[in-house]
There are 4 protein chains.
Amino acid sequence: MDSLVIAGKEFSSRLIVGTGKYKDGPETRDAIAASGAEMVTVAVRRVNLDRSSESLLDYIDPAKYFLLPNTAGCYTADEAIRAARLGREVGLSDWVKIEVIGDLPTLYPDVQATLEATRVLVKEGFTVLPYTSDDIVFAKRLIDAGAAAVMPLGAPIGTGLGITDSYALRMLRELITEVPLIVDAGLGTASDAALAMEMGFDGVLLNTAIAGAKDPVLMASAMGLGVRAGREAYLAGRMPRRLYATASSPLDGISK
Amino acid sequence: MDSLVIAGKEFSSRLIVGTGKYKDGPETRDAIAASGAEMVTVAVRRVNLDRSSESLLDYIDPAKYFLLPNTAGCYTADEAIRAARLGREVGLSDWVKIEVIGDLPTLYPDVQATLEATRVLVKEGFTVLPYTSDDIVFAKRLIDAGAAAVMPLGAPIGTGLGITDSYALRMLRELITEVPLIVDAGLGTASDAALAMEMGFDGVLLNTAIAGAKDPVLMASAMGLGVRAGREAYLAGRMPRRLYATASSPLDGISK
Amino acid sequence: MDSLVIAGKEFSSRLIVGTGKYKDGPETRDAIAASGAEMVTVAVRRVNLDRSSESLLDYIDPAKYFLLPNTAGCYTADEAIRAARLGREVGLSDWVKIEVIGDLPTLYPDVQATLEATRVLVKEGFTVLPYTSDDIVFAKRLIDAGAAAVMPLGAPIGTGLGITDSYALRMLRELITEVPLIVDAGLGTASDAALAMEMGFDGVLLNTAIAGAKDPVLMASAMGLGVRAGREAYLAGRMPRRLYATASSPLDGISK
Amino acid sequence: MDSLVIAGKEFSSRLIVGTGKYKDGPETRDAIAASGAEMVTVAVRRVNLDRSSESLLDYIDPAKYFLLPNTAGCYTADEAIRAARLGREVGLSDWVKIEVIGDLPTLYPDVQATLEATRVLVKEGFTVLPYTSDDIVFAKRLIDAGAAAVMPLGAPIGTGLGITDSYALRMLRELITEVPLIVDAGLGTASDAALAMEMGFDGVLLNTAIAGAKDPVLMASAMGLGVRAGREAYLAGRMPRRLYATASSPLDGISK
């Protein structure tokens, strides 16, 4: 079976979905169900940890989904480290998606702080999935630091631009094979997700593209199909591109 | 239900598949089944009409699929007209996909001959689906001539390049609403099919992209998923694109 | 010397400029001068032929520029033919740029009418430069009809989109070598013009991109430089593209 | 006059050229002359500092060109700092282009080490021009550290891919206005240089695209023209893009 394996754990779906920006709990629940995702990421800061009032967790059954705590809303390595520890203490998980925002207007990641937090948390026994830029130097350092996967952006969070630098992502994919590579952030629609999978990425993590669609539940379904479509196309091995049907040589090397 | 309607007939799938270039009959049959397509196009010239020996039709059950005869291999309007008539005479169908090749090395369509054949065949009662270029003048003339759908190329036949002129196709989609618009030819992988559907096209017709993949049956499944993903994403209404998350205005008008 | 040769006549500049849409005569004159163009195209319909009042020709010295009458504003082959004849009768030229509009909202060319007009006018001894789409079948027919050059659009007139289908234009360039190929219409800025020349086109024809800029005279100069830059880069032979500096094989075949 | 100003110094050309990878000294000299550049960057490690044998400086007249020492070949902040100091000690300059390679196969910059070296060298009175990625977080930190300009890559060194992430570079340009932004590395041909200037960048730094062309001297001329073309087009204010000529609203926000 073609499953996604991270840190020895198998996931039936290669789509990971977030839980932010939905209208309400029921919409969150229905979109997640429609997406077919098995792994769902939740911001530690947004979980109502004492469960005194309505919580995200009222709508996401931990028996059904694998919860991946994330450090959304953190601006320093220390904040991210504390959020990860808190998530573990309250019993959420010893897995964590590290996300450190480095720039307010753009929400671009602070890759240096992300690397620092990864180093500390790996030593503390966490399974760390860092959200990062498409910088190959940092991607390799994250792996050296013990990251269980590397999650480069397709485009900055919340932009919906798709993969804006297909060369950079293709280079990452070609040179990094030690851990799963998951495109995290920036995708906007189903063909973006399919394309990411066709490029050979191991998975896709999405949030705004679903929650920000006019019909989030239908878009969640579209994304689930898109990821499967792209993965199958990747495994099927696409036809070569040619400038015209009878051209003697294929157009190798075209990245998009 | 979101069905494709052409000339009053409903189709459950928006993917139409061809039958050329497969290794053998069983592969053809399995790929078609995996694609989920309901309409299947067959070259009149390639159907062994007297059924004296093995025929394509041994592998495509007309009770299960809607057969669309096509005029592949024709180089003039007359040849295409004769092929259409022959297809009707032997009981294949009074529907026909007109395809007239105008240029040998590139297999680019001869849109003038296509228009002539369309005019003649519509008058003879055929339901005509012409394969054409992305030329909006001819697209409109085909509609005036009574075409039941217009099928512009994404790229020339057999190239696998995807939609090479997203502006031209977007213009067609914006200005033509009288009949279904189906992207025919040139697509190479599942994300291409998803993208075509996200642009608002009513369907996609594919052949080489499936038959020319390393694993045609798996690629057929990928294409079926891709078309559904793209259609759902179109109906769901994608999020707006922004240069960065907090940018005050969306990047309207980006076509890809 | 690297000159553009059409129908045996040499031109020092590979940039051809139009005369429409300028604010007034002096701006037209100054922009043309700044562009460095030697060939200037004027609409027969817009030349005040009896010279009773101010005319375009008051600002474009026929001793300095090679005037190329065009059939802008014509919607049928007959209108274009009549305009060409009128241009010759009043002594403008026996060269003509054929332009037949086939679709009002888009100004897309009617390639069939263009071909008809070309056939008639070539027989009447005109040197015919037809403006056409990127349809290779019609491009070849125009050559068969005796066109002295073929002028495919980069994008529809007045859009400023640049070359929207680099594959189609690359295919034209690869397969057509009998006559000069000139990108006519759709370009928007200097890098578009440079790119067209780098793709190996013999020249570029521009109008709206200059007249529609905020500072037309400065944009005219930019376009002149862009055409020269692109031509020199083409002749110089660009470096191969690589995914990264030490990649063992170049990324052949990338068209943009 | 439209000059490039860095750290209070005016440069007549917005093109900065490197001196690596040429066949020999005369070719280096001729290409630099043909480019029209005023600022020329030389690797401190490659200058034969005791002038005992032939040196780059035999071919680049410091009276004519502004020499910008660079730290090419350095892999750590310390190496870059030492190279900068050496360049000043031997009288080359107290300006320095910081370049720290972080990844061997890709030559991708180590932005963290670049930032460290920038901090140290600015405090020592250097005018520091750091070569960096398109990471906006680091770009802002380099400015905070006192960089006199920021020089993001268009694509990794030596690839010739052009600007691979036009969104990231457009975001940098929109949000960074305190210091000049110069596209450094990755460009391949004249239209790439023109495009960078049209996007509003203050300058372009090139090396392989010139030295790696078949005819480096002609390509140098092409690049000089391309930069001027792009700059003039930027200042002239391009026409708006439209899907078709009579479309009621322009296609705002398209980045390429």
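Everything numeric in this text was worked out from a predicted model, so none of it was measured.
With a threshold of 4.5 angstrom between heavy atoms, D:Ile210 does not approach chain C through any atom at all. Residue contact with chain C, scored on non-hydrogen atoms closer than 4.5 Å, involves the side chain of D:Leu107 exclusively.
The greatest number of non-hydrogen atom pairs below 4.5 Å with chain C, out of D:Glu198, D:Met223, D:Arg231, is found for D:Glu198. For the options D:Gly224, D:Gly212, D:Gly188, heavy-atom pairs under 4.5 Å to chain C are most numerous at D:Gly188. Considering only heavy-atom pairs separated by less than 4.5 Å from chain C, the leading option among D:Gly158, D:Ala196, D:Ser191 is D:Ser191. Between chain C and the options D:Ile157, D:Val217, D:Asp215, the largest number of non-hydrogen pairs under 4.5 Å is found for D:Asp215. Chosen from C:Ala155, C:Gly186, C:Ala222, C:Ala213, the residue pairing most often with chain D at heavy-atom distances under 4.5 Å is C:Ala222. Taking D:Ala211, D:Ala190, D:Pro216, D:Ala194 one by one and counting their heavy-atom pairs under 4.5 Å with chain C, the maximum is reached by D:Ala190.
D:Tyr131 contributes atom OH, which lies 11.0 Å from atom OG1 of D:Thr71 (distance to the nearest 0.5 angstrom). Expressed to the nearest 0.5 Å, how far OG of D:Ser221 lies from CG of D:Asp30 amounts to 12.5 Å.
Shown here for D:Leu187 and D:Ala193, the closest heavy-atom pair between the two residues is CD1-CA, 4.0 Å. The minimum heavy-atom distance linking D:Leu15 with D:Ala37 is given by the pair O-CB, 3.2 Å.
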- [ ] Show the numbers, then the answer: is there a salt bridge (Lys or Arg N to Asp or Glu O under 4.0 Å) between D:Asp202 and D:Arg173?
- [x] CA-CA 10 Å; D:Asp202 297 285; D:Arg173 179 65 290 181; 2.8 Å; yes
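Judged by distance alone, with hydrogens and angles left aside, the side-chain atoms of C:Glu38 form a donor-acceptor pair with the main-chain N or O of C:Ser12 at under 3.5 Å.
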